[in-house]
A.B. asks: 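Before I ask anything, let me first share the structure, which is written out below as structure tokens.
Given the structure is predicted, the values throughout are model-derived calculations rather than measurements.
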Amino acid sequence: MNTPKTHPSFRSLRTVALAGLIGAASLGAIAQAEKPQPGGTLNIGNVYVTLSPLSWDPADWAWKFGQDTGLMYEQLFAGDLSKSIRRGGKHAFVADSWLPSDAIRGELAESWKTLENPFRVEVKLRKGVMFPEKPGVMKSRELVADDVVGSYYRLDKSPKKIPTFFDHVDKVEAVDKHTVLFTFKNYHAEWDYRFGWGYYSGIVPKEVADAGAGNWKNANGTGPFMLADYVQGNALTYAKNNVYWDKETIGGQSYKLPFVDKIVYRTIKDESAYMTALRTAKLDVLEGVRWSAVDEIKKSAPAVKWKRWVNTGGTFLAMRVDTKPFDDIRVRRALNMAVNKQEIVSSYYGGNAVLFGYPMHPDYVGYYEPLDKMPVAAQELFVYNPEKAKALLAEAGFPKGFSFKVQVCSCAPDHMDLLPLVAAYLEKVGVKLEIQPMEYGAFLSAMTTKTHAAGYFMQNGHTNPTTSIRKSFVSKQTWNPSMYSDPEFDKRMAAAYLERDESKRQLLIKLMTRDIVEKAPYIWLPTAHVYSAWWPWVKNYDGELRVGSERPGPIHARMWIDEPMKKKMGF
């Protein structure tokens with residue numbers, strides 16, 4: 001896909017002016033701008049700028065729930081932004097759903113402790129946290145323990161629940177008005193992620209559930225913003241919640257949150273359109289920019305600031321192992337060897353990708369094992385070897401190759417460009433693809449109902465080190481497009497979750513990762529670098545993306561706009 005071009009006159013005049021203004025800014029003015037300035041509207045293109053919300057109700061188990069509602073529905077825990085690199089810490093807060101144990105803070109939870117025999121977690125809720133009034137739905141009232149208990153059981157009883165997700169939970173009780181006790185059947189390494197800062201962990205009051213949580217007009221949470229308007233395919237508009245409880249400390253001074261009056265999440269399906277929106281400052285922030293567009297924007301809008309990160313989702317072509325010929329490991333390994341992955345890194349991505357970045361993300365320190373440390377059986381799947389691929393196909397009974405259908409989402413420009421390239425490699429060994437582009441709703445539904453084609457081309461979030469393996473390769477899981485199923489592998493996953501010693505758990509996950517890479521239920525593809533971009537008037541921000549599971553809300557609530565700078569720059 002071609003990167004949109006900028007008119008020369010715009011580039012030569014506006015660019016020079018902006019660069020001059022930035023360069024001429026005095027140190028005193030910059031320092032003064034760092035004091036929070038209330039008011040204004042932030043226009044943001046989220047990581048998934050092309051996708052509208054999938055649901056307003058966490059009981060629908062929609063993975064995108066936290067991104068769309070994280071300004072409104074809070075959770076027990078969140079990422080601690082005081083531990084960010086920008087604040088002198090070590091965490092980038094980019095991972096789609098990975099909070100290291102030293103980077104978790106209580107959000108609605110004021111404190112918590114673990115108890116033994118049986119394993120339990122006692123959570124003390126913050127007092128004085130209020131739900132704002134929502135006319136026709138609920139009066140303003142305080143958050144209480146029953147809200148947490150009710151939210152959990154709505155998830156647990158939902159017919160859309162991910163299989164086994166809460167199997168470790170025995171019961172959840174309100175001990176008193178502000179205390180919740182989670183009693184577990186056994187220790188589980190993901191207890192805090194599953195219902196604490198996970199994809200579906202937003203606390204929804206009973207009044208909203210009774211009114212219909214799936215209707216955006218009924219939505220109401222304790223967060224820093226209230227959902228004011230929603231136009232499908234266009235925008236989500238959030239307005240400040242004036243009774244919000246939290247504060248932010250900057251320069252030793254405490255400030256009431258949020259800083260801005262309004263946040264608008266834009267939905268823009270066309271890549272050239274959202275790039276233009278960034279370049280012309282219709283967007284203050286664009287969280288996901290593919291590498292091929294970066295140089296042009298740097299030329300046409302040099303004041304824009306950037307952060308590069310390894311994509312938090314892996315790209316692959318899943319092969320249904322429950323269908324022929326993909327039930328034969330020789331076929332799956334052959335197709336991996338037939339694709340020149342090194343050339344995809346150097347030519348397609350222009351070097352802006354890592355060869356091996358999925359199913360374990362390179363940022364997962366202790367869990368990630370570099371490719372050159374893995375067994376030869378894994379390494380050779382990343383070496384282009386069409387002759388061996390042909391030999392394996394012939395050995396499996398396909399000397400002349402075969403053809404199969406591959407479904408791909410038309411919402412992903414990168415995939416629409418990359419899949420034909422993969423098809424060209426496979427055709428050289430006699431394997432032909434029938435490519436079927438699909439709108440996202442139909443694409444997702446095909447996988448979740450297990451009616452998808454033999455080939456399924458997608459990007460899947462890494463999530464976190466254990467979930468990356470569980471959701472993709474454990475039997476009957478929702479996000480298992482290859483339909484991989486191995487009872488022994490399932491037992492190893494269960495054992496990893498029971499292991500309390502993280503160093504031992506890391507070794508278990510490394511060995512399972514080796515095994516699944518070698519078994520090749522996917523054509524493993526490189527993991528691209530992605531860029532986040534924002535204009536310099538956006539303050540208290542340095543490219544952080546998530547403080548939970550696809551949840552940027554607390555980050556956005558802490559941003560403010562330097563309106564004088566924005567005005568001086570001509571916007």
A.B. asks: Keeping to residues at least two apart or across chains, list the salt bridge (charged side-chain N to carboxylate O under 4.0 Å, His left out) pairs with something in residues 222-242.
C.D. replies: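 Listed once each, the pairs are K240-D261.
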A.B. asks: Applying ring pair (Phe, Tyr, Trp, His ring centres under 6.0 Å), name anything that partners Y73, two or more places apart in sequence or on another chain.
C.D. replies: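 F65.
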A.B. asks: Is it true that, when you exclude E439 itself, more than 12 heavy atoms of the residues, nucleotides or ligands shown sit nearer than 6.0 Å to its CD?
C.D. replies: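 No - once you tally the heavy atoms of other residues, nucleotides and ligands closer than 6.0 Å, there are 12 at most.
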A.B. asks: Looking only at side chains, do E74 and T222 share a donor and an acceptor under 3.5 Å apart?
C.D. replies: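 Checked: E74/T222 side chains pair up, N/O donor to acceptor below 3.5 Å.
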A.B. asks: Between T276 and R279, do the side chains contain a donor N or O and an acceptor N or O under 3.5 Å apart?
C.D. replies: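 Yes.
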A.B. asks: Verify the neighbour count for atom CD of E116: are there more than 12 heavy atoms of other residues, nucleotides or ligands below 6.0 Å?
C.D. replies: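 Buried by this count: over 12 neighbours within 6.0 Å.
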A.B. asks: If you count the non-hydrogen atoms of other residues, nucleotides and ligands that lie under 6.0 Å from NZ in K269, is the total more than 12?
C.D. replies: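 It does not: K269 NZ has 12 such atoms or fewer within range.
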A.B. asks: Could you give all pairs that pass the side-chain hydrogen bond (donor to acceptor under 3.5 Å, both in side chains) test and reach residues 123-140, with sequence neighbours left out?
C.D. replies: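 For residues 123-140, and leaving out neighbouring residues, the side-chain hydrogen bond (donor to acceptor under 3.5 Å, both in side chains) pairs sorted by first residue read K124-T179.
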A.B. asks: Output side-chain donor-acceptor pairs under 3.5 Å for residues 43-54, partner residues at least two apart or in another chain, one line each.
C.D. replies:
{"unit_1": "N43", "atom_1": "OD1", "unit_2": "R266", "atom_2": "NE", "d": "3.0"}
{"unit_1": "N43", "atom_1": "OD1", "unit_2": "R266", "atom_2": "NH2", "d": "2.9"}
{"unit_1": "Y48", "atom_1": "OH", "unit_2": "E550", "atom_2": "OE2", "d": "2.8"}
{"unit_1": "S52", "atom_1": "OG", "unit_2": "G233", "atom_2": "N", "d": "2.9"}

A.B. asks: Look up atom SG in C409 and atom CG in D414, then write down how far apart they are to the nearest 0.5 Å.
C.D. replies: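 That separation rounds to 12.0 Å.
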A.B. asks: Relative to each other, are the rings of H188 and Y497 parallel, tilted or perpendicular (30° and 60° limits)?
C.D. replies: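 Aromatic pair H188/Y497 classed parallel.
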A.B. asks: Would you kindly say whether S272 and D270 are connected by a side-chain donor-acceptor distance under 3.5 Å?
C.D. replies: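 Yes, a side-chain donor-acceptor pair sits under 3.5 Å.
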A.B. asks: Does K185 have more than 12 heavy atoms from other residues, nucleotides or ligands lying within 6.0 Å of its NZ?
C.D. replies: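 Result for NZ/K185: enclosed.
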A.B. asks: Is it the case that the ring center of F443 lies less than 6.0 angstrom away from the ring center of Y456?
C.D. replies: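 Yes, close enough.
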A.B. asks: Does K471 have more than 12 heavy atoms from other residues, nucleotides or ligands lying within 6.0 Å of its NZ?
C.D. replies: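 Counting neighbours around NZ of K471, more than 12 heavy atoms of other residues, nucleotides or ligands fall under 6.0 Å, so yes.
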A.B. asks: Locate the shortest heavy-atom distance separating V289 from A533; write the atom from each residue and the value.
C.D. replies: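 Smallest heavy-atom distance, with atoms named: CG2-CB, 4.3 Å.
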A.B. asks: Going by the rule salt bridge (Lys or Arg N to Asp or Glu O under 4.0 Å), which residues pair with E142 if we only count those two or more places apart in sequence or in a different chain?
C.D. replies: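 Only K177 meet the salt bridge (Lys or Arg N to Asp or Glu O under 4.0 Å) criterion with E142.
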A.B. asks: Is the W191 to F182 ring centre distance short of 6.0 Å?
C.D. replies: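 Between W191 and F182, the centre distance exceeds or equals 6.0 Å.
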A.B. asks: Do the ring planes of Y255 and F259 sit parallel (below 30°), tilted (30 to 60°) or perpendicular (above 60°)?
C.D. replies: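 Perpendicular.
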A.B. asks: Which residue pairs pass the side-chain hydrogen bond (donor to acceptor under 3.5 Å, both in side chains) test when at least one of the two sits in residues 203-214, sequence neighbours left out?
C.D. replies: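 Output for this query lists R141-E207, K206-D210.
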A.B. asks: Can you name the closest pair of heavy atoms from F457 and T315 and give their distance?
C.D. replies: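 Result for this residue pair: CZ-CG2, 3.9 Å.
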A.B. asks: For K450, I'd like to know if atom NZ has over 12 heavy atoms of other residues, nucleotides or ligands within 6.0 Å.
C.D. replies: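 Enclosed.
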A.B. asks: Give a yes or no on this: more than 12 heavy atoms of other residues, nucleotides or ligands lie within 6.0 Å of atom NZ of K161.
C.D. replies: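 Count over threshold, so yes.
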A.B. asks: Answer with yes or no whether the side chains of S97 and T463 bring together a donor and an acceptor at under 3.5 Å.
C.D. replies: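 Not at all, the side chains of T463 and S97 share no donor-acceptor pair under 3.5 Å.
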A.B. asks: If you measure from CG on N464 to CH2 on W98, what distance do you get to the nearest 0.5 Å?
C.D. replies: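 Result: 6.5 Å between the selected atoms.
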A.B. asks: Does R558 have any side-chain hydrogen bond (donor to acceptor under 3.5 Å, both in side chains) partners at least two apart in sequence or in another chain, and if so, which?
C.D. replies: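 Once residues adjacent in sequence are excluded, the partners of R558 under the side-chain hydrogen bond (donor to acceptor under 3.5 Å, both in side chains) criterion are D246, E248.
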A.B. asks: Using the benzene-type ring in the case of Trp, are the ring centres of Y200 and W61 under 6.0 Å apart?
C.D. replies: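 Yes, close enough.
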A.B. asks: From Y199 OH over to L155 CG, what is the distance, rounded to the nearest 0.5 angstrom?
C.D. replies: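 Between atom OH of Y199 and atom CG of L155 there are 15.0 Å.
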A.B. asks: Who are the side-chain contact (heavy atoms from CB on, under 4.5 Å) partners of K90, not counting sequence neighbours?
C.D. replies: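 Scan of K90 (side-chain contact (heavy atoms from CB on, under 4.5 Å), adjacent residues dropped) gives D102.
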A.B. asks: How many angstroms lie between atom CH2 of W535 and atom CG of L283, to the nearest 0.5 angstrom?
C.D. replies: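 Spacing of CH2 (W535) from CG (L283) equals 11.0 Å.
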A.B. asks: Sequence neighbours left out, what passes side-chain contact (heavy atoms from CB on, under 4.5 Å) with K247? Give chain and number order.
C.D. replies: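 Partners of K247 under the side-chain contact (heavy atoms from CB on, under 4.5 Å) test: S254.
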A.B. asks: Which residues satisfy the salt bridge (Lys or Arg N to Asp or Glu O under 4.0 Å) test with R194, sequence neighbours excluded?
C.D. replies: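 So R194 forms a salt bridge (Lys or Arg N to Asp or Glu O under 4.0 Å) with E190.
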A.B. asks: About how many Å separate CZ of R105 and CG of D80, when rounded to the nearest 0.5 Å?
C.D. replies: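 If I round to the nearest 0.5 Å, the distance is 7.0 Å.
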A.B. asks: Which distance, rounded to the nearest 0.5 Å, do you find between the CZ of F571 and the CE of M565?
C.D. replies: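 Rounded to the nearest 0.5 Å, the CZ-CE separation comes out at 12.5 Å.
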A.B. asks: Under the side-chain contact (heavy atoms from CB on, under 4.5 Å) test, which residues partner D192, sequence neighbours left out?
C.D. replies: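 Residues passing side-chain contact (heavy atoms from CB on, under 4.5 Å) with D192: F77, I104, W197.
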A.B. asks: Taking side-chain contact (heavy atoms from CB on, under 4.5 Å) as the test, write out the residues that go with V530, two or more places apart.
C.D. replies: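 With neighbours one apart ignored, the set is W309, N311.
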A.B. asks: Would you please test R546 and D96 for salt bridge (charged side-chain N to carboxylate O under 4.0 Å, His left out) and show each step?
C.D. replies: CA-CA 6 Å; R546 294 106 162 178; D96 53 330; 5.8 Å; no
A.B. asks: Taking the six-membered ring for Trp, are H556 and Y238 closer than 6.0 Å centroid to centroid?
C.D. replies: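 Here the rings of Y238 and H556 have centres that are no less than 6.0 Å from each other.
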